[in-house]
> 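There's a structure below that I have some questions on.
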Amino acid sequence: EFRRVLFRCSAAAFGSTVANVVIFAVALMSATETSRREKRLIMLAILPMVYGMVLSGSRTSLITLGVGLALIAWYRRNVINFIIVPVAIAVALKIAAAATSGAAAERFAEVLKLEDVFYRNWIPFEIGLNFMADNPFGGGLGKSGYSIPFFLSRRVGYRDFVQADGDIGRLMVDMGIVGLIVFGWLLFVGVRTCFRHLKLLHDTPLGTIALPSA
């Protein structure tokens with residue numbers, strides 16, 4: 001059981017890393033200053049990376065990659081450049097499905113089950129809401145048990161944690177309304193700053209780095 005969980009965590013981390021690298025590669029491939037030879041080399045590098053990501057079974061990575069490609073397509077104003085990448089993903093998924101006897105395709109098909117996706121996200125959010133009903137300002141840092149080393153928690157003897165399997169739920173348990181307001185403000189400022197700099201750096205070499213970073 002431990003090995004299975006460790007493998008799933010490692011696969012998810014690998015898939016997320018690959019998705020981010022592919023987003024940077026596509027942003028570079030779609031830049032006007034990139035030569036045809038460089039674009040071909042980048043595309044050749046993308047194919048095995050996408051295959052590895054699909055083989056990892058990380059559904060979050062696939063969603064991350066899809067959102068990243070959509071943002072790049074919007075920013076570049078040239079959807080044609082991104083036909084080949086979704087095709088590569090589809091081919092990689094088909095090959096990975098055959099290599100895993102259909103397990104990969106079955107796992108990624110769960111992304112389309114909107115009801116399941118909703119409840120997977122709602123459950124930790126509901127835990128946070130229920131806790132905030134009695135503790136509007138949260139229970140203090142560490143109440144959710146997040147990031148507390150196991151050896152330390154055993155020594156202090158505290159067991160009254162309220163665990164929520166999700167970052168928003170943990171934020172609500174630890175910091176309550178104040179945490180949600182601060183997080184929402186930081187998220188708004190971050191997105192606003194990203195779009196502002198994307199406009200300023202449009203069609204510049206720095207824009208090629210700013211785009212996938214955003």
Side-chain angles (χ1 to χ4, degrees), residues 7-114 117 121 167 186-214:
F7 173 76
R8 289 186 62 182
C9 291
S10 300
F14 170 79
S16 298
T17 301
V18 171
N20 290 325
V21 172
V22 171
I23 290 173
F24 270 88
V26 173
L28 181 60
M29 186 177 67
S30 61
T32 54
E33 63 269 17
T34 304
S35 66
R36 287 187 178 181
R37 179 176 176 275
E38 289 174 326
K39 289 182 179 180
R40 294 192 188 102
L41 290 174
I42 293 172
M43 192 63 229
L44 287 175
I46 286 176
L47 292 174
M49 285 193 292
V50 170
Y51 173 72
M53 185 196 74
V54 172
L55 204 61
S56 73
S58 176
R59 294 164 295 188
T60 304
S61 303
L62 190 65
I63 296 173
T64 300
L65 182 58
V67 173
L69 293 179
L71 178 60
I72 295 173
W74 166 81
Y75 185 73
R76 296 297 193 198
R77 297 289 195 273
N78 189 352
V79 182
I80 298 177
N81 287 335
F82 308 101
I83 293 178
I84 191 169
V85 178
V87 169
I89 295 174
V91 172
L93 182 58
K94 187 174 181 62
I95 297 173
T100 58
S101 302
E106 184 178 344
R107 181 169 174 80
F108 283 114
E110 295 178 6
V111 175
L112 302 177
K113 298 178 181 178
L114 299 182
V117 173
N121 289 275
D167 291 338
L186 289 174
L187 188 63
F188 168 74
V189 172
V191 172
R192 183 183 63 181
T193 303
C194 283
F195 279 99
R196 181 184 299 165
H197 283 83
L198 284 178
K199 289 182 179 179
L200 291 174
L201 299 172
H202 200 278
D203 291 332
T204 65
L206 283 178
T208 302
I209 301 299
L211 177 57
S213 299

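On a predicted model such as this, the values are computed, not experimentally measured, just so you know. Computed over heavy atoms, backbone and side chain alike; hydrogens, waters and symmetry mates excluded.
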> How many angstroms lie between CG in Leu200 and CZ in Phe195, if you round to the nearest 0.5 Å?
13.5 Å

> Tell me if a side-chain donor or acceptor on Thr34 pairs with a main-chain N or O of Leu28 at a distance below 3.5 Å.
yes

> Work out which heavy atom in Ala31 is nearest to a heavy atom in Thr208; give both atom names and the distance.
CB-OG1, 3.7 Å

> Which heavy atom of Gly207 sits nearest to which heavy atom of Tyr75, and what is that distance?
CA-OH, 4.4 Å

> Can you list the residues that meet the side chain to side chain contact (heavy atoms under 4.5 Å, CB included) rule with Ala210, with sequence neighbours excluded?
Leu198, Leu201

> Roughly how far, to the nearest 0.5 Å, is the CZ atom of Arg192 from the CG atom of Leu187?
12.0 Å

> Answer yes or no: is there a side-chain heavy-atom contact under 4.5 Å between Met53 and Val22?
no

> If you compare all heavy atoms of Pro212 against all heavy atoms of Ile23, which two are closest, and at what distance to 0.1 Å?
CB-CG2, 3.7 Å

> Working to the nearest 0.5 Å, report the span between CG of Leu211 and CZ of Arg76.
5.5 Å

> Check Ser61 against Ala19 and note the closest heavy-atom contact, atom names and distance.
O-CB, 3.6 Å

> Which atom names give the shortest non-hydrogen contact between Met43 and Met29, and what distance separates them?
SD-SD, 4.0 Å

> Which heavy atom in Ile72 sits nearest to a heavy atom in Ser30, and how many Å separate them?
CG2-OG, 3.9 Å

